[in-house]
Amino acid sequence: MDVFNVIGRDGKKVRDHQLISYIQERLESDDDYLQPSLKGTVGLVPSEKHTCIELTGTDRPGLLSEVCAVLADLQCNVVNAEIWTHNARAAAVVHVTDNSTGFAIEDPKRLATIKELLCNVLKGNNALNTAKMTLSPPGTTHRERRLHQIMFADRDYERVETSERGGVHTKTSRPNVIVADCTEKDYTVITLRSKDRPKLLFDIICTLTDMQYVVYHGVVHTGTMEAYQEYYIRHVDGVPISSEAERERVMQCLEAAIERRGNEGLELELCAEDRVGLLSDITRVFRENSLCIKRAEISTKGGRARDTFCVTDVTGSPVDPKTVDAICRQIGQGLLHVKWNSSSSPKPQQESTISFLLGTLFRVKTISTFLD
């Protein structure tokens with residue numbers, strides 16, 4: 001029996017009866033179970049609406065901008081995407097369509113060209129084996145679950161030395177993970193303390209499941225800022241963790257699972273009319289202003305783009321408010337919304353009023369399209 005006490009994103013009690021009914025219906029439904037032929041494929045559901053591209057490589061400033069520029073040049077439209085970076089590694093799940101048809105790209109030669117050019121971008125100055133691009137079978141992947149699996153396979157949990165002065169995940173801010181034995185019950189007990197955030201439970205359970213562990217008992221408590229989690233687990237073969245090396249690996253992987261989606265950087269939200277090349281233009285502006293994208297979520301619906309970016313400067317430090325003002329001027333009035341917080345960037349004492357008689361690059365293109 002599992003009991004969850006939940007609240008909405010606004011921190012208040014959920015009172016929407018339609019939402020409550022939907023949650024109950026989904027929990028009671030068997031539709032989420034995969035068909036036997038699809039087991040082991042991470043929830044792929046047949047679809048011909050888009051081509052799913054998975055990317056992994058070494059993170060560096062401007063990487064997403066270069067990837068978007070290549071896709072735009074190849075007449076690929078990004079309709080949905082999610083990009084994570086952690087521990088000097090980058091991973092992305094990108095859904096693209098053919099600009100001319102609006103559907104999935106099926107031409108094998110064209111797909112081979114896309115793969116070749118994206119691999120060239122991902123490897124940069126590094127060896128080929130540090131970059132990887134995969135074309136998933138036609139279908140829809142649970143992006144967040146898949147990103148955890150991609151980064152786990154890329155061993156992003158292994159710590160690397162970095163010269164960044166403003167690294168967000170310092171030793172004091174890192175989650176606390178303890179793996180201990182419960183010999184009287186033949187379990188391994190995992191205790192976690194970290195900053196609370198949305199989808200924290202999802203990230204932990206997915207990671208334990210993908211590492212082939214079964215959770216038998218667990219408890220989760222959240223306070224104003226901190227979350228406490230405790231799980232009693234065994235391996236799928238019924239055996240608890242038995243070696244120090246395995247214990248250390250579990251600790252590292254759970255720390256990485258929490259950090260991949262941590263609140264890193266200043267959050268910028270773009271709301272604009274979608275068009276071909278919009279994402280390429282936006283990420284180019286970020287790159288030209290020396291911003292580093294740590295995490296991004298791209299979505300389009302009803303002809304509108306709604307993209308969220310978590311950014312820092314190239315050293316990993318908070319973004320200068322003057323830089324944010326400059327970017328807003330370049331992108332256009334009212335298109336970019338800034339979510340200031342004390343840890344990512346200091347909010348300017350006086351909000352600068354951005355008003356222009358003539359449109360910027362993005363407004364000019366929108367007006368031109370309308371006039372045509």
Side-chain angles (χ1 to χ4, degrees), residues 53-72 76 78-96 118 121-124 126 130-131 133 143-144 147-148 150-151 154 156 162 164-169 197 256 259-272 277-300 305-321 323-328 330-331 335-341 343-345 362:
I53 299 175
E54 298 177 356
L55 307 170
T56 54
T58 302
D59 186 30
R60 67 177 188 275
L63 177 61
L64 180 57
S65 174
E66 294 177 33
V67 168
C68 293
V70 167
L71 290 173
C76 300
V78 178
V79 292
N80 291 289
E82 194 151 356
I83 299 94
W84 290 359
T85 66
H86 176 251
N87 207 16
R89 305 299 298 167
V93 175
V94 185
H95 295 168
V96 301
L118 285 180
V121 170
L122 290 170
K123 72 178 182 179
N126 298 311
T130 64
M133 194 210 101
R143 291 202 311 257
E144 296 164 356
L147 282 166
H148 276 301
I150 293 171
M151 300 205 85
D154 201 33
D156 75 311
T162 176
E164 290 185 357
R165 293 182 286 107
V168 176
H169 298 306
R197 61 167 174 79
E259 291 175 349
R260 287 171 193 147
R261 203 168 9 194
N263 293 327
E264 185 173 354
L266 177 66
E267 187 171 320
L268 304 176
E269 185 177 272
L270 174 76
C271 297
L278 174 64
L279 186 58
S280 176
D281 290 337
I282 294 294
T283 53
R284 175 179 54 78
V285 170
F286 290 167
R287 186 190 72 223
E288 291 173 348
N289 284 274
S290 300
L291 292 192
C292 187
I293 298 173
K294 295 297 184 180
R295 205 168 62 255
E297 184 173 353
I298 311 302
S299 62
T300 56
R306 190 183 184 97
D307 305 338
T308 302
F309 306 90
C310 290
V311 299
T312 65
D313 70 10
V314 290
T315 69
S317 300
V319 182
D320 188 331
T323 302
V324 177
D325 283 345
I327 291 172
C328 288
Q330 288 179 264
I331 291 178
L335 297 182
L336 195 65
H337 304 275
V338 184
K339 296 186 178 181
W340 299 100
N341 62 69
S343 60
S344 61
S345 287
F362 302 98

So which atom in V78 and which in T300 form the shortest heavy-atom distance, rounded to 0.1 Å? O-CG2, 4.4 Å
Side chain to side chain contact (heavy atoms under 4.5 Å, CB included) evaluation trace for L270 with L278: CA-CA 10 Å; L270 174 76; L278 174 64; 4.3 Å; yes
Verify side chain to side chain contact (heavy atoms under 4.5 Å, CB included) between V93 and E82, making sure each step is shown before the conclusion. CA-CA 6 Å; V93 175; E82 194 151 356; 5.6 Å; no
Go through the structure and list residues passing side chain to side chain contact (heavy atoms under 4.5 Å, CB included) with S299, not counting sequence neighbours. N80, R306
Side chain to side chain contact (heavy atoms under 4.5 Å, CB included) with T323: which residues, sequence neighbours excluded? N289, L291, V319, D320, I327
Looking only at heavy atoms, the pair that brings L335 and A272 closest together is CD2-CB, 4.0 Å
I293 side chain reached by I83 side chain, heavy atoms, under 4.5 Å: no
Rounded distance (nearest 0.5 Å) linking atom CG of D156 with atom CG of N87: 6.5 Å
Nearest heavy-atom neighbours spanning C292 and V314: CB-CA, 4.4 Å
Pair L118, L71 - check side chain to side chain contact (heavy atoms under 4.5 Å, CB included), show working. CA-CA 8 Å; L118 285 180; L71 290 173; 4.1 Å; yes
Among residues at least two apart in sequence or on other chains, which ones pass side-chain hydrogen bond (donor to acceptor under 3.5 Å, both in side chains) with E66? R60
Straight-line distance of T58 OG1 to K123 NZ, nearest 0.5 Å: 12.5 Å
Value rounded to 0.5 Å, distance of CD1 in I331 from CG in D281: 9.5 Å
Write down the atom of A72, the atom of S280, and the distance for their closest heavy-atom approach. CB-CB, 4.1 Å
The reported gap from CG in L64 to CZ in F309 (rounded to nearest 0.5 angstrom) is 7.0 Å
Who passes side-chain hydrogen bond (donor to acceptor under 3.5 Å, both in side chains) against S65, sequence neighbours left out? R287
List for me each residue that meets side chain to side chain contact (heavy atoms under 4.5 Å, CB included) alongside A88, sequence neighbours excluded, and say none if there are none. V160
In R260, R295, R261, the residue satisfying salt bridge (charged side-chain N to carboxylate O under 4.0 Å, His left out) with E144 is R261
With side chains defined as the heavy atoms from C-beta onward, is the minimum distance between E297 and D307 less than 4.5 Å? no
Do the side chain of S317 and the main chain of D313 share a donor and acceptor less than 3.5 angstrom apart? no
Those residues that, when tested against A90, pass side chain to side chain contact (heavy atoms under 4.5 Å, CB included) (two or more places apart): D59, L63, T85
Shortest non-hydrogen contact from T312 toward G265: CG2-CA, 3.7 Å
Could you tell me the separation between the CH2 atom of W84 and the CZ atom of R89, rounded to the nearest 0.5 Å? 16.0 Å
With a 4.5 Å limit on heavy-atom distance, are the side chains of V79 and V96 in contact? no
Using the rule given for side chain to side chain contact (heavy atoms under 4.5 Å, CB included), can you reason through T308 versus E267, listing the C-alpha separation, both sets of side-chain angles and the distance that settles it, and then say yes or no? CA-CA 7 Å; T308 302; E267 187 171 320; 3.6 Å; yes
Got a second to check how far H337's NE2 is from L268's CG, nearest 0.5 Å? 11.0 Å
